[in-house]
Amino acid sequence: MDSLFTAQLQTPATHGPLEAVSAKMYGGTSNLWAGACVAYDPIDFKERKFVSDGAWPVTYEDVSPFFEPASRFLDAGPAEFIAANVAHGSDDEFSCTNLARFAGERRSQVRHGGAAVRSAHIRVCLNTVVTEVFLSGDGVVTELAVASSDGSKLSRLPVRMLVVAAGGIETTRLALNMQRDRPELFGGEAGPLGRYYMSHLMGSIADVRFLKPQYVDLFDFQKDANGTYTRRRFQPSEAAQEKWGLSNTVLWPEGAIADARHQRALLSLVFLLSGANGLGRAILPEVVRRRYSENILGSTAAAHLRNLTPAASRASGLTQMRF
């Protein structure tokens, strides 16, 4: 059944390994992510001439009422995505007040698994894969084809209502399986299904030294009044995006963990631990852990080990920008 979980990456340089970004387990990709939660912006739903087929079938007003319950459900506190302290916040071209909120417990199976198992209305089936959805002649879902993950058991289950929440890859895969047998579904073969998948495009673009040392802390992780960790992000304003034809891109200080010049013992310890699969996964998202662990070699490791000695000074103001 492993073939059900594979995918060919057309551009591996801009997409993390599938097993590092998509988890086929209870709780899904929440077992791999860093727990960062961000809200959609109004411009995401606007039709823009410089974005191909950029119009959505829903509006910002349709989606925004769900920010609050979603943020609470994900253990990221209230849906407050603008920094309360707006000092050094923004100008006409750029904003530095937008926040990412970080889930206190990033693994959904840990936060909600017990409640799901105890619920009289939920039956949790592990090691089980939905492989096909069957429709009646008038397009109503009637049955599911279900298989054990090793392929040894196959069965069909009748359903009255179906909600698919399997992530960007597996939801699309299942829908494409349905379209294979019913080509008219989802806008037909020339429709949108499978054409707009996008992973997180990211990379490091610059080393930055702030003019004022206190700005380094301003863009570090902060704990708000609710005990939730947040972090400011650099983001072009809506006017700047429309003026320059930019997509809604954000940048944030990465902390340059792999660069021993930061001279911080804690950051060097995190970097060195990233090479240990178990410990590394506990403190870093898998894609980031792999990127760091590939660089733990010879002189690099020695420089980080020196940062662990009492004689190491505290910090430079070096922060690496990542988008």
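Small disclaimer: the values here were computed from a predicted structure and weren't measured.
Judged by distance alone, the side chain of Ser247 and the main-chain N or O of Thr249 form no donor-acceptor pair under 3.5 Å. For the pair His112 (side chain) and Leu74 (backbone), a donor-acceptor distance under 3.5 Å is absent. Using a distance-only test at 3.5 Å, with no hydrogens or angles considered, no donor-acceptor pair links the side chain of Gln222 to the main chain of Thr230. Between the side chain of Thr171 and the main chain of Gly167, a donor-acceptor pair closer than 3.5 Å is present. Distance alone, capped at 3.5 Å, is enough to place a donor-acceptor pair between the Arg111 side chain and the Phe73 backbone. Not one N or O on the side chain of Thr97 forms a donor-acceptor pair closer than 3.5 Å with the backbone of Ser95.
Residues Asn226 and Thr228 have side chains that never bring a donor and an acceptor to within less than 3.5 angstrom of each other. In summary, the side chains of Lys153 and Ser155 do not present any donor paired with an acceptor at a separation below 3.5 Å, with no hydrogens or angles considered.
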Trp56 vs Val63, side-chain contact (heavy atoms from CB on, under 4.5 Å): CA-CA, chis, key distance, verdict: CA-CA 11 Å; Trp56 285 46; Val63 173; 5.7 Å; no
Steps toward side-chain contact (heavy atoms from CB on, under 4.5 Å) verdict (Phe134, Met178): CA-CA 8 Å; Phe134 298 99; Met178 296 170 64; over 6 Å; no
Intermediate values then yes/no, side-chain contact (heavy atoms from CB on, under 4.5 Å), Val250 and Phe234: CA-CA 6 Å; Val250 297; Phe234 297 83; over 6 Å; no
Audit row: Glu132, Leu144, side-chain contact (heavy atoms from CB on, under 4.5 Å) steps and yes/no: CA-CA 6 Å; Glu132 196 70 68; Leu144 301 178; over 6 Å; no
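The shortest side-chain heavy-atom distance between Leu174 and Val133 falls under the 4.5 Å cut-off. Gln241 has its side chain within reach of Ile43: a pair of non-hydrogen atoms, C-beta onward, lies under 4.5 Å apart. With contacts defined as side-chain heavy-atom distances shorter than 4.5 Å, the pair Ile82/Asn98 qualifies. Inter-residue side-chain proximity for Leu135 and Thr142 is flagged as unmet; no heavy-atom pair is nearer than 4.5 Å. Leu193 places a side-chain heavy atom less than 4.5 Å from the side chain of Leu176. You'll find the side chain of Glu93 reaches within 4.5 Å of the side chain of Trp244, heavy atoms only. The side-chain heavy atoms of Ser30 and Arg106, taken from C-beta on, include no pair separated by under 4.5 Å. Between Arg233 and Val38, the closest side-chain pair of non-hydrogen atoms falls below 4.5 Å.
Annotation for Ala103 and Trp33: closest pair CB-CZ2, 4.3 Å, computed over non-hydrogen atoms. The two atoms that bring Pro69 and Pro65 nearest to each other are CD-O, 3.5 Å, heavy atoms only. The minimum heavy-atom distance between Ala240 and Leu246, with the atom names listed, is O-CD1, 4.3 Å. Of all heavy-atom pairs spanning Gly194 and Thr172, the tightest one is CA-CG2, 3.8 Å. Considering every non-hydrogen atom in both Arg156 and Pro158, the closest pair reads O-CD, 4.1 Å. What you find for Ser22 and Thr29 is that their closest heavy atoms are CA-OG1, 3.6 Å.
With values rounded to the nearest 0.5 angstrom, Leu162 atom CG is found 11.0 Å from Leu157 atom CG. Atoms OH and CG, from Tyr40 and Asn248 in turn, are 11.5 Å apart once rounded to the nearest 0.5 Å. For the atom pair OG (Ser237) and CG (Asp41), the distance works out to 11.0 Å, reported to the nearest 0.5 Å. The structure places SG of Cys37 at 12.5 Å from CZ of Arg72, a figure rounded to the nearest 0.5 Å. Atom CG in Asn31 sits 7.0 Å away from atom CZ in Arg107 (nearest 0.5 Å). Considering NZ of Lys223 and OH of Tyr229, their distance stands at 4.0 Å, rounded to 0.5 Å.
In the displayed structure, Phe66 atom CZ is contacted under 6.0 Å by at most 12 heavy atoms of other residues, nucleotides or ligands. Annotation for Phe67: atom CZ counts as buried by contact number, over 12 foreign heavy atoms lying within 6.0 Å.
A cation-pi geometry, defined here as NZ or CZ lying under 6.0 Å from the six-membered ring centre and within 45° of its normal, does not hold between Arg231 and Phe102.
Tracing side-chain contacts under 4.5 Å through hydrophobic residues (I, L, V, M, F, W, Y), one reaches Val164 starting from Val159; they form part of the same cluster. Linking ILVMFWY residues whenever their side-chain heavy atoms come closer than 4.5 Å, directly or via other members, places Ile122 and Val117 in the same cluster. Residue Leu185 is grouped with residue Val130 when hydrophobic side chains (ILVMFWY) are merged at heavy-atom distances under 4.5 angstrom, including chains of intermediate members.
The residues Asp224 and Arg101 are annotated as salt-bridged, a charged nitrogen and a carboxylate oxygen being separated by less than 4.0 angstrom. Ion pairing of Lys243 with Glu238 is absent here, as no side-chain N (NZ or NE/NH1/NH2) approaches a carboxylate O to less than 4.0 Å.
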